Amino acid sequence: MEAYLSELNDAQRAPTLQIEGPMIVIAGAGSGKTRVLTYRIAYMMSKGIDAFNILALTFTNKAAREMQHRIAQIVGRSEAKNLWMGTFHSVFAKILRFEADKLGYPSNFTIYDTQDSQSVIRAIIKDMQLDKDVYKYKQVYSRISSYKNSLITVKAYFNNPELMEADAMSKKPRMGEIYQEYVQRCFKAGAMDFDDLLLKTNELLNRFPEVLQKYQNRFRYILVDEYQDTNHSQYLIVKALSDKFQNICVVGDDAQSIYAFRGANINNILNFQKDYEGVEMYRLEQNYRSTGNIVNAANSIIDKNQTKLDKVVWTANDDGPKIVVNRLLTDGEEGRYVASSIFENKMQNQMANGDFAILYRTNAQSRAMEDALRKRDIPYRIYGGLSFYQRKEIKDVLSYLRLLINPKDEEALKRVINYPARGIGATTMDRLSIAANKYGKSIFEVLENLDHLPEIKITKSTRTKLDNFVNMIKHFTILAQNADAFTVADTVAKKTGLVQELKKDGTPEGIARIENIEELLNGIKDFVEEQKELADANGSIAEFLEDVALATDLDKETEDEDRVALMTIHLAKGLEFPYVYIVGLEEDLFPSGMSMNTRSELEEERRLFYVAVTRAEKQAFLTYTQSRYRWGKLVDAEPSRFIEEIDEKFLDYMIPQDDYKYKPLINTDIFGDEVDKSKLRQTKPKAGTPPPAHKPTEEQLRKLRKLRPAATEPAKATNAIQLEVGNEVEHMRFGKGKVLGIDGVGQDRKAEINFENGGIKKLLLRFAKLKLLS
DNA sequence: TCATTGGGCTTTTTT
DNA sequence: AGCCCAATGA
């Protein structure tokens with residue numbers, strides 16, 4: 001038997017050795033599911049299955065790379081090379097490029113990112129002269145996105161009165177028209193958005209039986225990781241491809257489903273056994289990652305959820321230290337506490353910076369942490385947020401490159417035609433747009449044919465500017481036919497005047513932007529050299545753009561630097577760190593104020609908290625503040641309900657427990673690191689015992705009074721509200737609405753309400769902040 | 001056509 | 001507090 005199989009426990013070995021047939025592996029946090037997936041693939045190959053016939057879909061490209069790397073170590077690099085592994089988006093983007101002509105797309109179609117898509121929608125709303133306060137482009141975008149993820153095409157939309165009515169109810173009766181126009185504009189621009197990569201794959205497999213057959217025969221064995229986070233569109237793709245051979249292995253953990261907001265459907269994993277015949281179910285319940293305290297604390301959290309599969313995660317590891325809970329006065333103070341705690345832990349336990357992670361609910365929280373780490377000279381790296389490729393200067397360069405590959409790419413064109421400024425303004429663009437629409441051509445085609453279109457009113461000087469632009473782009477295009485991506489990008493950066501423009505600016509931000517462009521060019525250079533080593537690639541711009549479009553921050557090459565990691569909890573899924581700080585555990589922040597209205601939303605927040613805690617190997621730290629800067633103002637905060645939900649015996653409060661909610665801040669010191677340290681030492685020897693209370697000095701009281709704004713009672717949930725069917729109510733977010741129905745008793749009492757702004761919602765009255773109007 | 005400014009909005013999470 | 005957009009004036 002293969003040696004690596006001895007690295008598995010019995011529970012892990014069983015699914016690893018089952019090659020044929022449908023199977024599901026429910027894998028608790030830290031139970032070694034990646035190991036199972038990796039070894040299963042290696043085992044399949046050792047049994048003579050061709051790598052060419054295996055498709056493994058992962059949640060991030062990084063996960064795919066790491067797995068492939070590990071498999072290569074076991075079965076050899078040349079064998080592993082033929083494996084298809086990657087995210088849904090990247091795998092099917094490749095297939096779509098290959099089959100593009102069948103769907104009427106060019107094979108060099110552009111992939112629009114969220115920014116591009118939203119910009120298209122903004123333009124449509126403007127062109128249709130709709131009220132932008134009613135038709136908010138972000139809302140419209142996410143609505144369209146959810147249609148696509150549910151496979152509701154424009155046609156299906158107009159055939160579905162319920163959907164249209166729901167949109168009309170939320171004051172957006174022209175939603176369908178926007179959707180239609182958006183799809184048309186993307187198509188004309190030869191562009192697919194993220195959701196199209198899945199939607200069009202479905203279309204491809206549905207409309208062309210021979211194509212479906214081809215890929216069914218090719219991908220005889222399919223594995224899907226993080227199955228709990230697949231959406232309907234992804235579910236259908238997997239279902240279609242696995243239909244013939246039924247060799248489908250899905251792995252996931254319902255307790256870690258945290259992407260419902262973008263259409264992930266937890267029912268995919270809950271109902272898997274009904275979807276295929278003779279499903280074998282395996283459970284991985286032993287956690288190897290974390291201490292007993294962490295595992296059990298996490299269990300006590302997830303226990304509060306109603307919707308979950310039966311599963312008990314346990315560990316044979318030591319109990320370890322308890323989870324530390326601390327309250328700080330402000331977010332700045334929180335940052336300082338975390339930084340000094342990291343510093344102490346590093347010293348006491350001889351740990352590296354890379355052994356620490358700071359996790360938060362929203363990206364905006366990173367700033368306070370950064371400031372504190374910087375002051376302490378602790379190196380850190382922020383993941384996520386505005387990713388490198390989304391920065392303005394980077395997108396500018398990339399847009400030029402995009403335009404060379406696909407001249408129909410209107411978003412790219414709009415971005416670069418007058419940047420750096422070359423005197424081509426809005427008026428000219430409007431005229432060009434109108435002409436382009438009239439002839440069904442792209443703007444770039446119109447530009448190329450101005451001689452034949454004399455009716456477009458353009459002054460002589462503007463004409464010269466346009467011609468210059470077209471000639472410049474054409475010059476680049478010719479260059480791109482012979483040179484590699486780096487040479488082209490370098491030329492673009494210089495010849496367009498992009499870099500010059502930034503140099504002229506001279507501000508520190510301008511200089512930082514030039515550095516970013518340089519970093520991009522270096523990145524392209526690396527990419528080109530890497531690709532040239534591969535037989536089936538040549539380092540072209542098209543290849544680079546494909547890579548970039550679907551890259552995430554986690555995918556970026558690790559410089560092997562030893563840094564504290566800062567990221568949202570969503571990004572941290574699948575990762576692990578010896579020490580984890582989870583900050584901002586406050587009501588309205590975590591759980592997010594946007595996700596407290598229904599039980600299912602709240603349960604997703606709770607799963608998110610579960611994910612956060614289970615990232616920790618040795619110890620977890622939870623912090624919350626009494627007041628925090630939000631929207632530029634200092635606002636009062638209240639400890640998160642999630643803290644209370646953890647069984648107390650796993651917690652070590654650094655503040656008196658009976659005082660841990662509200663009350664003026666007296667015991668926690670807020671003025672400097674020295675005292676912070678002494679406090680840390682104080683609690684160490686007698687864990688669990690709160691430090692003695694100190695009387696505040698006059699000086700401290702004065703500062704406190706200054707810092708705390710006049711106490712405002714936080715808007716409290718109207719849990720005592722007595723609702724009846726037919727009542728008119730008002731909701732903070734959804735606006736006015738009418739109660740359609742009420743059911744459930746006590747804590748579970750919920751009302752079905754038809755809102756003007758949100759359509760029909762079921763709200764748990766315990767949490768919903770409703771005002772009774774009549 | 002371009003640059004500046006003020007107002008409004010933002011903070012959920014991401015492929 | 002910061003970002004993005006529209007309005008305004010040169």
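Per chain, numbering begins at 1; letters A, B, ... match sequence-line order. Predicted model only: the values in this text are computed from it and were never measured.
Taking the six-membered ring for Trp and the full ring otherwise, A/Tyr105 and A/Phe187 have centroids separated by under 6.0 Å.
Here the nucleotide nearest the side chain of A/Arg367, chosen from B/dT11, C/dG2, B/dT13, is C/dG2. Of all nucleotides listed (B/dT11, C/dA6, B/dT12), C/dA6 comes nearest to the side chain of A/Lys126. For A/Thr427, whose side chain is taken as the heavy atoms from C-beta onward, the closest listed nucleotide among B/dT1, B/dT13, C/dA6 is B/dT1. Taking only side-chain atoms of A/Tyr141, from C-beta outward, the nucleotide of B/dT14, B/dT11, B/dT15 with the closest atom is B/dT15. Nearest to the side chain of A/Tyr259, among B/dT10, B/dT12, B/dT14, sits B/dT14. For A/Thr568, the side-chain atoms get nearest to B/dT13 when compared with the rest of B/dT12, B/dT15, B/dT13.
Rounded to whole Å, the distance from CZ on A/Phe59 to C1' on B/dT14 is 7 Å. Atom CD of A/Gln115 and atom P of B/dT15 are 14 Å apart (whole Å). Computed from coordinates, the A/His89 NE2 to B/dT14 P distance equals 14 Å when rounded to whole Å. Look at NZ on A/Lys136: it is 9 Å from C1' on B/dC9, rounded to the nearest Å. In this entry the distance linking CD1 of A/Ile258 with C1' of B/dT12 reads 12 Å, nearest Å. Between the P atom of B/dC9 and the CZ atom of A/Arg630 lies a distance of 18 Å, rounded to the nearest Å. When the C1' atom of B/dT15 is taken as reference, atom CZ of A/Arg262 falls 5 Å away, rounded to whole Å. Spacing between atom NZ of A/Lys62 and atom P of B/dT15 amounts to 12 Å, rounded to whole angstrom units.
A/Asn418 comes within 4.0 angstrom of the backbone, heavy atoms only, and of no base. Here A/Lys138 lies in heavy-atom contact (under 4.0 Å) with sugar-phosphate atoms only. Within 4.0 Å (heavy atoms only), A/Phe590 reaches no atom of the nucleic acid at all. Using a 4.0 Å heavy-atom distance criterion, A/Thr428 is classed as a sugar-phosphate-only contact. When heavy atoms are screened at a 4.0 angstrom cut-off, A/Asp113 is found touching no nucleic acid atom at all.
In this model, a side-chain donor or acceptor of A/Ser595 finds a partner on the base of B/dT12 within 3.5 Å.
Regarding contacts with the backbone of B/dT15, every side-chain N or O of A/Asn231 stays at 4.0 angstrom or more from both OP1 and OP2.
C/dC4 and B/dT13: their P atoms are spaced 15 Å apart (whole Å).
Side chain to side chain, A/Asn268 and A/Thr230 meet the donor-acceptor criterion of an N or O pair below 3.5 Å. Under 3.5 Å, the side chains of A/Tyr147 and A/Arg143 contain a donor-acceptor pair of N or O atoms.
Nucleotides of DNA chain B nearest to A/Phe194 and A/Ala364 differ in position, and the one nearer the 5' end is that of A/Ala364.
The only option from A/Arg606, A/Glu605, A/Glu604 that meets the side chain to side chain contact (heavy atoms under 4.5 Å, CB included) definition with A/Ser595 turns out to be A/Glu605.
Using cut-offs of 30° and 60° for the angle between ring planes, the A/Trp84 and A/Phe219 rings count as tilted.
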Practice prompt. Determine, stepwise, if the pair A/Phe59 / A/Tyr259 fulfils ring-ring contact (aromatic ring centres under 6.0 Å, His included).
Written response: CA-CA 11 Å; A/Phe59 196 68; A/Tyr259 281 99; 5.1 Å; yes
